[in-house]
Amino acid sequence: VLAALLISFSLYKLFRPNLFHLKTNRSAVLFGLVAGMLGGAYNTNGPPIIIYGTLRRWSSEHFRDTLQGVLLPINIAIIIGHAGAGLWTSEVWILFLWSLPLVVLAIWGGNKLNKLIPPDKFTKYVYILLLIIGSGLALESFS
């Protein structure tokens, strides 16, 4: 269902970008609840927030700031929940430590890339990324 939602929304926004938009933040609670449910069930809390931001037509700067401010504490809570459930094994710690250099490189590269992306292209790239994520989820669910 999440894959279908992401694919449908991405295609809709890529080909009919101005048909629908949220003018107020009254629906923020609904998107937040869906993000919380998906985060708790599947560790996938970002897509509803991304969809909400695109429907509200946030600027690229507002988009980045909000995602960082929302997703960082949520993901920290998820990590603590995993630790409490005993999911942090020695193998997980080793893989985590091995991934740190790539994480640092990705942060550095993301900051550089951010300066190169024109604001008018940013939302288009967000939809393409959501389409890729949705397609990956769909492929995974059928395998």
Side-chain angles (χ1 to χ4, degrees), residues 1-89 91-96 98-114 116-143:
V1 172
L2 177 60
L5 175 69
L6 291 178
I7 291 169
S8 301
F9 179 77
S10 301
L11 291 173
Y12 164 72
K13 290 303 279 182
L14 283 168
F15 295 107
R16 303 271 189 214
N18 295 321
L19 285 179
F20 181 70
H21 124 195
L22 297 173
K23 294 181 176 140
T24 69
N25 63 358
R26 283 186 250 163
S27 59
V29 172
L30 176 64
F31 282 88
L33 285 171
V34 172
M37 289 186 289
L38 290 173
Y42 306 110
N43 300 325
T44 310
N45 52 352
I49 298 168
I50 293 169
I51 291 170
Y52 177 76
T54 56
L55 290 176
R56 291 280 296 155
R57 297 188 183 163
W58 289 342
S59 68
S60 58
E61 184 176 313
H62 184 87
F63 212 109
R64 271 191 323 277
D65 293 346
T66 302
L67 286 177
Q68 289 175 1
V70 170
L71 295 179
L72 179 65
I74 290 171
N75 287 318
I76 288 172
I78 289 171
I79 289 168
I80 291 169
H82 286 178
L87 299 175
W88 282 86
T89 64
E91 182 181 3
V92 169
W93 277 106
I94 291 168
L95 292 171
F96 167 72
W98 275 103
S99 72
L100 283 179
L102 187 58
V103 168
V104 170
L105 181 63
I107 292 170
W108 177 82
N111 285 331
K112 296 291 183 192
L113 186 62
N114 177 49
L116 298 174
I117 298 175
D120 59 320
K121 299 281 185 201
F122 176 80
T123 53
K124 180 179 180 182
Y125 296 149
V126 168
Y127 305 136
I128 292 170
L129 182 61
L130 280 175
L131 182 60
I132 292 168
I133 292 170
S135 299
L137 286 170
L139 289 173
E140 186 179 320
S141 70
F142 292 116
S143 61

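Reckoned from all heavy atoms, side chains included, excluding hydrogens, waters and symmetry mates.
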**Item:** I51 vs V34 side-chain heavy atoms within contact, under 4.5 Å
**Value:** no
**Request:** To the nearest 0.5 angstrom, please state how far the CG atom of L5 sits from the OG atom of S10.
**Result:** 8.5 Å
**R56 side-chain N/O to K23 backbone N/O, donor-acceptor pair under 3.5 Å** = yes
**Asked** What distance do L116 atom CG and K121 atom NZ have between them, rounded to the nearest 0.5 Å?
**Response** 14.5 Å
**Request:** Report the relative orientation of the aromatic rings in F63 and W58; use parallel for angles under 30°, tilted for 30 to 60°, perpendicular for over 60°.
**Result:** perpendicular
**Inter-residue atom distance N111.CG - R64.CZ, 0.5 Å rounding** = 8.5 Å
**Request:** Check whether any side-chain heavy atom of T89 sits under 4.5 Å from a side-chain heavy atom of V92, and report yes or no.
**Result:** yes
**Fill in**
One should read off an interatomic distance between L72 CG and L67 CG, to the nearest 0.5 angstrom, of 11.5 Å
**Message:** How long is the straight-line distance from CZ of R57 back to NE2 of H62, given to the nearest 0.5 Å?
**Reply:** 14.5 Å
**Complete:** Heavy-atom nearest pair, G134 first then L6, reads CA-CB, 3.8 Å
**Message:** side-chain contact (heavy atoms from CB on, under 4.5 Å) for Y125 and L129? Distances and angles first, verdict last.
**Reply:** CA-CA 6 Å; Y125 296 149; L129 182 61; over 6 Å; no
**Message:** Applying side-chain contact (heavy atoms from CB on, under 4.5 Å) to Y12 and Y127, what does each step give before you reach the verdict?
**Reply:** CA-CA 9 Å; Y12 164 72; Y127 305 136; over 6 Å; no
**Prompt:** Quick one: does V126's side chain get under 4.5 Å of I50's, heavy atoms only?
**Reply:** yes
**Prompt:** Do the non-hydrogen side-chain atoms of L30 and Y52 ever get within less than 4.5 Å of each other?
**Reply:** no
**Request:** Could you tell me which non-hydrogen atom of L71 sits nearest to which non-hydrogen atom of G46, and how far apart they are?
**Result:** CD2-CA, 4.0 Å
**Item:** Non-hydrogen side-chain atoms of L38 and P48 separated by less than 4.5 Å
**Value:** yes
**Prompt:** With sequence neighbours left out, what residues match T24 under side-chain contact (heavy atoms from CB on, under 4.5 Å)?
**Reply:** R26
**Request:** Flag the pair I78 / N45 as yes when at least one side-chain heavy-atom distance between them is below 4.5 Å, and no otherwise.
**Result:** yes
**Prompt:** How many angstroms lie between atom CG of L105 and atom CG of L100, to the nearest 0.5 angstrom?
**Reply:** 12.5 Å
